[in-house]
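For reference, the structure is listed below as structure tokens.
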Amino acid sequence: MLTLLRDLRRLRHSVGLPRPDRGRSLAIRHVDAGSCNGCEHELTLVSSPYHDLQRFGLGIVASPRHADLLLVTGPVTTRMREPLLAAYHAMPEPRLVAALGDCALGCGILGSPDELVGPVDTVLPVDLRIPGCPPTPETIATALLGLVDRAPRGSGIGAQ
Amino acid sequence: MAVGPIHAGVIESGHFRFHVVGDRILHLDARLFYKHRGLERAAEGSTLDDGARYVGRACAACAVANRLAYAHACEESLGLEPPSELARARTLLLELERIWSHLNDVAAVCAGVGLTAGNTLFAALTERARRLNADLTGHRFLFDTVAVGGSSLELDARETRAAREELEAIGRDAARGWRELQFSASFQDRLPDIGVVDAADVERLGTVGPAARTTGVALDARSTSPRLDYPGFECRLPDRPVGDVRARLEQRALELEQSLEIALRLLDGPVIPAAATPGGGEAAVGVGRVESARGATLCVVERDGNRLRRVRLRTGSYANWPSVAYAATDNLLPDFPLINKSFELCYACADR
């Protein structure tokens, strides 16, 4: 098993992400607000040996109380509106919201209007938009790293 | 004990209500449909071609299976028959979807146990399979590759050869990883005798897919698929028809091997664009049945000329959710994530 894992280390060189020498971090809480599961599958692979986002100090946390960033997928169904708001209000400040995927951004949404609340920015203030249907793990990783880099030091976001 | 709709990891939304005594689950009440988007109703009145968009976006993990069931339903209603080239292209897409899906499911069971090494290995293989999808069709989840009445997929000899080489490499690495999992004692220790669904339960609950076959029930829509390219298909059944978490995991490995063989056979020559040809009587209603990675997916289409009057999609996930609730009964609460992962059903497929 260890031999096989050692081989996987070289995979990270096959993607165009910067070197992990930044000394900052971001705790992410994901909420699925009615996606087709595509964004979730790609988000899972952001932790695969190819992208390995943990080495940049970025990780998915189990509770919104531990999170800096709320990562929302899907067109926000009427049934997911309340749980989404509850997760947001459970987060400590300062807090950020990212809309992941075209549905969350309100592009080309399919579904009955009376089952959907609308894109994420009709429910929460959105700080980061990651387009794609679904966005590739590389797009997601690049966008999240860019967010950490843009946050001014001392702002409480991206602090170690 | 109420869990969800938001879960701890990167998981879809759904609410579970456990009735427990101590750690033992007496009853599980799975309350889904938090993700209901009204896709079927929204598709009403659209053209048959446009309807495929709604069905395809029901679920990313079963995008090909769902669209194919829809395309078959529309073609049956329009009296169209697929020529062998079309059947071949579609079967290839269906098996490519099953390959990445089964690799992902093995990774998910490893994650359910907390075996990060196994999860990492199979996550890397899932990524490779999705990259192959993107190389062949331009989309990692094979979105929009299946259309009503034809296929535009075109692969020349160089592309099919490269795909064969990559699939063979994925198969080799998956076999090596699988062998390592056999010798991981702490991993194997968690799997047997939990979440049991036996052959009698399969009959009673209408379980489909790998979860049904792992109990020894030879139930596979691929063995009766005249519109697809499965000559002499026989589903693989396990040596020990037990129906627990380990058996369902082993069934995935068994079927992954078979899917790789089928995909390699289909990639033996170039894939060319093809259109369905008139060959049967028209009808107002059509039914399509396709084996997805989670089981038999059924699509019924009722049309009015070239417009959809009603469409209904019953996916393998929808059929199997009651089995998950049943399998959880009498097990320990900490084993539920593992039982759930051994079925690895889509919430999006059920909620639509």
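Values reported hereafter were calculated over all heavy atoms of this structure, with side chains retained and with hydrogens, waters and symmetry mates removed. Each chain gets a letter, A, B and so on, in the order its sequence line appears, and its residues count up from 1.
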Looking at [options], which one has more heavy-atom pairs under 4.5 Å with chain B than the rest?
| options | value |
| --- | --- |
| A:Pro137, A:Gly74, A:Cys103 | A:Pro137 |
| A:Leu84, A:Leu116, A:Leu8, A:Val61 | A:Leu8 |
| A:Ala62, A:Gly34, A:Cys36, A:Pro75 | A:Cys36 |
| A:Pro134, A:Ala87, A:Ala33 | A:Pro134 |

Test side chain to side chain contact (heavy atoms under 4.5 Å, CB included) applied to A:Leu71 and A:Leu128, A:Val31, A:Leu43, the passing residue: A:Leu43

Is it the backbone or the side chain of [X] that comes under 4.5 Å from a heavy atom of chain A, or both, or neither?
| X | answer |
| --- | --- |
| B:Phe143 | side chain |
| B:Ala124 | both |
| B:Leu121 | both |

Report yes if the side chains of [X] and [Y] come closer than 4.5 Å at any heavy-atom pair, otherwise no.
| X | Y | result |
| --- | --- | --- |
| A:Val117 | A:Val123 | yes |
| A:Val126 | A:Val72 | no |
| B:Val324 | B:Phe16 | no |
| A:Leu105 | A:Pro119 | no |
| A:Leu100 | A:Pro135 | yes |

Give me the atom names and distance for the closest heavy-atom approach of [X] to [Y].
| X | Y | result |
| --- | --- | --- |
| B:Pro210 | B:Gly295 | CD-N, 4.3 Å |
| B:Cys299 | B:Val311 | SG-CG2, 3.9 Å |
| B:Gly14 | B:Leu32 | CA-CD2, 4.5 Å |

Max heavy-atom pair count under 4.5 Å with chain A, selected residue of B:Ala348, B:Gly4, B:Ala60: B:Ala60

Pairs of heavy atoms under 4.5 Å with chain A: top-ranked of B:Phe33, B:Phe122, B:Phe183: B:Phe33

Give the atom names and distances for all donor-acceptor pairs closer than 3.5 Å across chain B and chain A.
residue	atom	partner	partner atom	Å
B:His7	O	A:Arg29	NH1	3.3
B:His7	O	A:Arg29	NH2	2.8
B:Ala8	O	A:Arg29	NH1	2.7
B:Gly9	O	A:Arg29	NH2	2.9
B:Glu12	OE2	A:Asn37	ND2	2.9
B:Ser13	N	A:Asp32	OD2	3.2
B:Ser13	OG	A:Asp32	O	2.6
B:Phe33	O	A:Arg79	NE	3.3
B:Tyr34	O	A:Thr77	OG1	2.7
B:Lys35	NZ	A:Asp32	OD1	3.4
B:Lys35	NZ	A:Asp32	OD2	2.4
B:Lys35	NZ	A:Ser35	O	2.9
B:Arg37	O	A:Ser112	N	2.9
B:Gly38	O	A:Ser112	OG	2.8
B:Arg41	NH2	A:Glu115	OE2	3.2
B:Ala60	N	A:Cys36	O	2.8
B:Arg130	NH1	A:Glu42	OE1	2.7
B:His139	NE2	A:Cys133	O	2.9
B:Arg140	NE	A:Glu42	OE2	2.5
B:Arg140	NH2	A:Glu42	OE1	3.0
B:Arg140	NH2	A:Glu42	OE2	3.3
B:Glu180	OE1	A:Met1	N	2.8

By side chain to side chain donor-acceptor pair (under 3.5 Å) - contacts of B:Arg314 (at least two apart): none

